[in-house]
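Working notes, structure below.
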Amino acid sequence: MDYNKSIDQKWQKYWLENRLFNMAVDKDMPNKYYCLVMFPYPSSELHVGHARNYVIGDAVGRYKRMMGLNVLSPMGWDAFGLPAENQAIKHKIHPETWTLKNIKRIKEQLASWGIGYDWDREITACLPDYYRWTQWVFLQLYKKGLAYRKEAFVNWCEGCQTVLANEQVVNGGCERCQTKVIQRKLRQWFFKTTAYAQALLDDIKLLENWPERVKTMQTNWIGRSEGTEIIFGVDGSDIKLKCFTTRIDTIFGATFLGLSYDYSLLPELIKNLPNKKEIEAFIEKVKNQSLSAKLVDSFEKEGMFTGLYAVNPFTGKKIPIWIANYILPGYGTGAIMCVPAHDGRDYEFAKKYNLPIIEVIKPNTEEPRAQSQELFEDEGILVNSGEFTGLASRQAYEKMNVFLEQKNIGKAAVNFKLRDWLISRQRYWGAPIPMIYCDKCGEVPVPEADLPVHLPKNVEFLPTGQSPLTYVEEFKNTTCPKCKGKARRETDTMDTFVDSSWYYLRYISPKNDKIAFVKEDVNRWLPVDQYIGGVEHAILHLLYSRFINKVFYDLGLVGFKEPFAKLFTQGMIVKDGTKMSKSRGNVVAPDYIIDKYGADAMRLYILFIGPPEKEAEWQDEGLQGTARFIQRIMRLVDTLGEYRDSDKTSDLNAIEKDLRRKIHSTIKEVTDDLEGNFQFNTAISRIMELVNQIYKGMQEGALRKSIYRQAVDTVFLLLSPFTPHLSEEVNSIMGNKGSILKRVWPKYDPAYLQADEFEIAVMVNGKVRDKLVVASGAAQAEIEKKVVELEKVIKFLEGKQPKKIIYIVNKMVNIVV
RNA sequence: GCGCGGGUGGCGAAAUGGCAGACGCGUACGCCUCAGAAGCGUAUGGGUAACCCCCAUGUGGGUUCAACUCCCACCCCGCGCACCA
């Protein structure tokens, strides 16, 4: 039998017509399994690197279906976003036209690979029946005070006249025109993710089936740190400066105070200073030094003394107040106490500006430290610290916090690295933020009944630094929902991560035009049982989704705290060592593969290429290998008719028994591989072993029809999640009615796993010297008697008496001399 | 700098305390063929004339009858975060 395209097409049509991947959600589903693959951004057609994601999801879904679960596998499109708009600017094609065209193409591709989805549930983020509800999500947060507007610094490119996302800033410049990016203050909408920092952190422990790596990344991103808030008075002023520190034990060594350029009280502080102009110039300079992560090492620390002094509440001494470029805006209070003796950054700064360095912590160890080592950053024992001298750092934290609290000038405090989520984009191709500004009533949310706020189609795409919506008068001008007077619409759109932060809920009721999702149905089907996607979403998408889900939980809209019970992150497929991309010209298109070898060969190779969570290098030769394997198993089908079932009642011969054992052990191992961490690569290699053994048995002419049939049937059943077209075809050739998906996943019989005999290794002092065939489960005494008579053993014993003999049943025996 | 992965043949890899290299690719030789392709078979970690033996899972130590696997130290690669006080 030859494998050709018509087989693919035949079964793809069959699955669609028989609605094998459609699932009703409105009734009780005891064995529900929500299998979700991250929906793609439809930017161009998919290559084999993308394919891995969908092939894995499909294999899991098919396997779970055969295990008797009711599997929901929906698909949709994360269809808003910058690339569509850039296409519009460059090629004068409307973002919607471009996007919908891509969606059509990708849909064809997915179908041609035999990926089964419930297409009745398709959602498209850029269409009003979806973004209406994204706007609704915004309003729910707004109602709860979790969406708010404030002035914030944003990355601004003068060249492109636009705001850039952090990811679009490369080495301090614009990724497109390399112009230096500056910080500009704009009024922006935020979601208050910080209100959920602790909950997002705490509930990571509920995510038992998430990769450790992703959990660690989220933990670090949230970045909780415990420390102390301490208030410094300013000499000759009423202003109080609040600092955050994790090392209050070093307070006696604080020799200056550092402020960031955006410290809230800074303008007031310098208001009456004679050198105000100078300071303002310095602030302006620092503000536009863009802090690109990669440049940290070479980043020159700079500061300016304000002329003012703060008072250290522990020592009563005056310490100078500096403004410094290394103090991060937006973290903690923006002001820190600086201890050069015990902080590397402060040390570097103090050296440069000749500020005093006072040692207040000594190492805990006896070992003397080199004299030259002025900097010591670990915890230790306090010295030069007044009444606290002699305490260990840990004890000092507590005592000093109590001291501060008693004097009402500080307390223990917690800080997070996590910032609020800036969702405003000065862009066209996104969901309009449903807010209206009225001169009389101020900020007014669009009433839910008025949703969606339609995105107008007819706009000019010019990079002006404003959303193109700013120039659409009929969009911008509206009436106030409260006073019916003249008002303006918000012209910014939402970050596309908002669209994707709740889509997994919408799949449950994708067509409902009354409500975003039906609570009962959602509670029945979620959390998602298996979420599959790229590790590049480990932080943003997965954190935002968790955040939105938690808000919904608190609002009583959903009954689960976490949206994704189990997460699998697949590795990238690379070519020539780098990520596939059009610009590098190393993209492998699936179409020619499908033409030449069929969809199943591509699927099988993608799954066989290596552990799915790891990066893998694409090699065309490897693909030929799996194509060859497919030819090999198809020939098994041809041979099927040649076998005569002469005597099916008679006992199996030795070779047949071996084959039966192999059938059962393969079922066991493949099932274990799939139940574990999706070890498709080893699952497939085990099936290859089974096929090799069938061939061997055939060559020896020892196989009769019934065991042969059983073996072939098992091969195709076990392969069916990976090579569904082929398995369906063979299943029907073998006389089964209906889809193989409706068949039950094979079960192994433990009684058939055990062999009668084993070849065990015979070792002397841990080195293999001989082999011995023994009956299964042979007793130690029997083995001991046999091994000492072996020629090789006698040779390596060199006449000595064995001290000990270790025997592991059916595995090995080790003679220790 | 901190955190998380990882380092095994010519290549993708397997083995999580019990015979290192399953399975596949590649390569070589053979069969089939007029010939080629496909297919089939055999071999394939290194040293070696040798399936006698020795060496071999990044490096060096340790635990154990037995270590790719566990422990300690170090080196290298990848990813994430990165002046978070």
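Residue numbering restarts at 1 for every chain, and letters A, B, ... go by the order of the sequence lines. Only this structure's heavy atoms are used, side chains among them; waters, hydrogens and symmetry mates stay out.
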key: A/K771 (side chain) and B/C19 (base): donor-acceptor pair under 3.5 Å   =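 Yes.
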N/O donor-acceptor pair, side chain A/N220 with base B/C81, under 3.5 angstrom = no
Report the distance from atom [atom1] of [X] to atom [atom2] of [N], rounded to the nearest whole Å.
| X | N | atom1 | atom2 | result |
| --- | --- | --- | --- | --- |
| A/R769 | B/A66 | CZ | P | 14 Å |
| A/W221 | B/G80 | CH2 | P | 12 Å |
| A/K803 | B/U64 | NZ | P | 12 Å |
| A/L718 | B/C23 | CG | C1' | 16 Å |
| A/E212 | B/G6 | CD | P | 12 Å |
| A/I609 | B/A14 | CD1 | P | 12 Å |
| A/D672 | B/U16 | CG | P | 12 Å |
| A/K579 | B/C79 | NZ | P | 12 Å |

key: CA sep, side-chain torsions, deciding dist, call: A/L690, A/L659, side chain to side chain contact (heavy atoms under 4.5 Å, CB included)   = CA-CA 8 Å; A/L690 172 57; A/L659 181 57; 4.0 Å; yes
task = First locate atom CD of A/E300, then atom OH of A/Y326, and finally report the distance between them rounded to the nearest 0.5 Å.
result =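 Atom-to-atom, A/E300:CD and A/Y326:OH are 13.0 Å apart.
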task = Any chance you could measure A/D770, atom CG, to A/K795, atom NZ, to the nearest 0.5 Å?
result = 11.0 Å
query = Take atom NZ in A/K411; do more than 12 heavy atoms of anything else shown fall under 6.0 Å from it?
reply = no
inquiry  = Does atom NZ (A/K215) have a neighbourhood of more than 12 heavy atoms from anything else shown, all under 6.0 Å?
reply    =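 Result for NZ/A/K215: enclosed.
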Check every strand shown and say whether [X] touches a base, only sugar-phosphate, or nothing at a heavy-atom separation below 4.0 Å.
| X | result |
| --- | --- |
| A/T626 | nothing |
| A/N692 | sugar-phosphate |
| A/Q699 | sugar-phosphate |
| A/E621 | sugar-phosphate |
| A/G625 | sugar-phosphate |
| A/M812 | base |
| A/I684 | nothing |
| A/N415 | nothing |
| A/R224 | nothing |
| A/R632 | sugar-phosphate |

Would you measure the distance from the [atom1] atom in [N] across to the matching atom in [M] and give it in whole Å?
| N | M | atom1 | result |
| --- | --- | --- | --- |
| B/U42 | B/C23 | P | 12 Å |
| B/G12 | B/G26 | C1' | 11 Å |
| B/U33 | B/G18 | P | 49 Å |
| B/G17 | B/U69 | P | 12 Å |
| B/G58 | B/G6 | P | 13 Å |
| B/G45 | B/A73 | P | 36 Å |
| B/U27 | B/C76 | C1' | 30 Å |
| B/C74 | B/C25 | C1' | 35 Å |

Which of the following nucleotides, [options], is nearest to the side chain of [X]?
| X | options | value |
| --- | --- | --- |
| A/Q619 | B/G12, B/C53, B/A85 | B/G12 |
| A/Q624 | B/G26, B/C19, B/A85 | B/G26 |
| A/F244 | B/A85, B/C65, B/G26 | B/A85 |
| A/E689 | B/C79, B/C23, B/A85 | B/C23 |

task = Please lay out, stage by stage, how A/E689 and A/K696 fare under the test salt bridge (Lys or Arg N to Asp or Glu O under 4.0 Å).
result = CA-CA 11 Å; A/E689 282 182 59; A/K696 208 154 224 161; over 6 Å; no
note = A correct dot-bracket answer for RNA chain B, with pairs being Watson-Crick or G-U at under 3.5 Å, [ ] for crossing pairs and | for inter-strand pairs, is (((((((..(((.....[....)))((((((.......))))))(((.....)))..(((((..]....))))))))))))....
task = Nearest-nucleotide wise, let me know which of A/M763 and A/M337 is further upstream toward the 5' end of RNA chain B.
result = A/M763
request  = Identify, between A/I808 and A/G334, the residue whose nearest nucleotide on RNA chain B lies closer to the 5' end.
outcome  = A/I808
Cation-pi, A/F796 ring and A/R769 (6.0 angstrom, 45 degrees) =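 Yes, a cation-pi geometry holds between A/R769 and A/F796.
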ask   = Where do A/E784 and A/Y807 land on the side chain to side chain donor-acceptor pair (under 3.5 Å) test, with the steps shown first?
value = CA-CA 9 Å; A/E784 285 188 14; A/Y807 172 54; over 6 Å; no
inquiry  = Please classify the glycosidic conformation of B/G78 as syn (within 90° of 0) or anti (everything else).
reply    =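 Anti for B/G78; the angle lies over 90° from 0.
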ask   = So, A/Y331 versus A/S225: side-chain donor-acceptor pair below 3.5 Å or not?
value =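 There is such a pair between these side chains.
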remark   = Between A/R247 and the options A/D249, A/T245, A/T250, the side-chain hydrogen bond (donor to acceptor under 3.5 Å, both in side chains) test singles out A/D249
query = Does a side-chain N or O from A/Y331 land closer than 4.0 Å to OP1 or OP2 of B/A85, or not?
reply =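 For B/A85, OP1/OP2 do have a side-chain N/O of A/Y331 under 4.0 Å.
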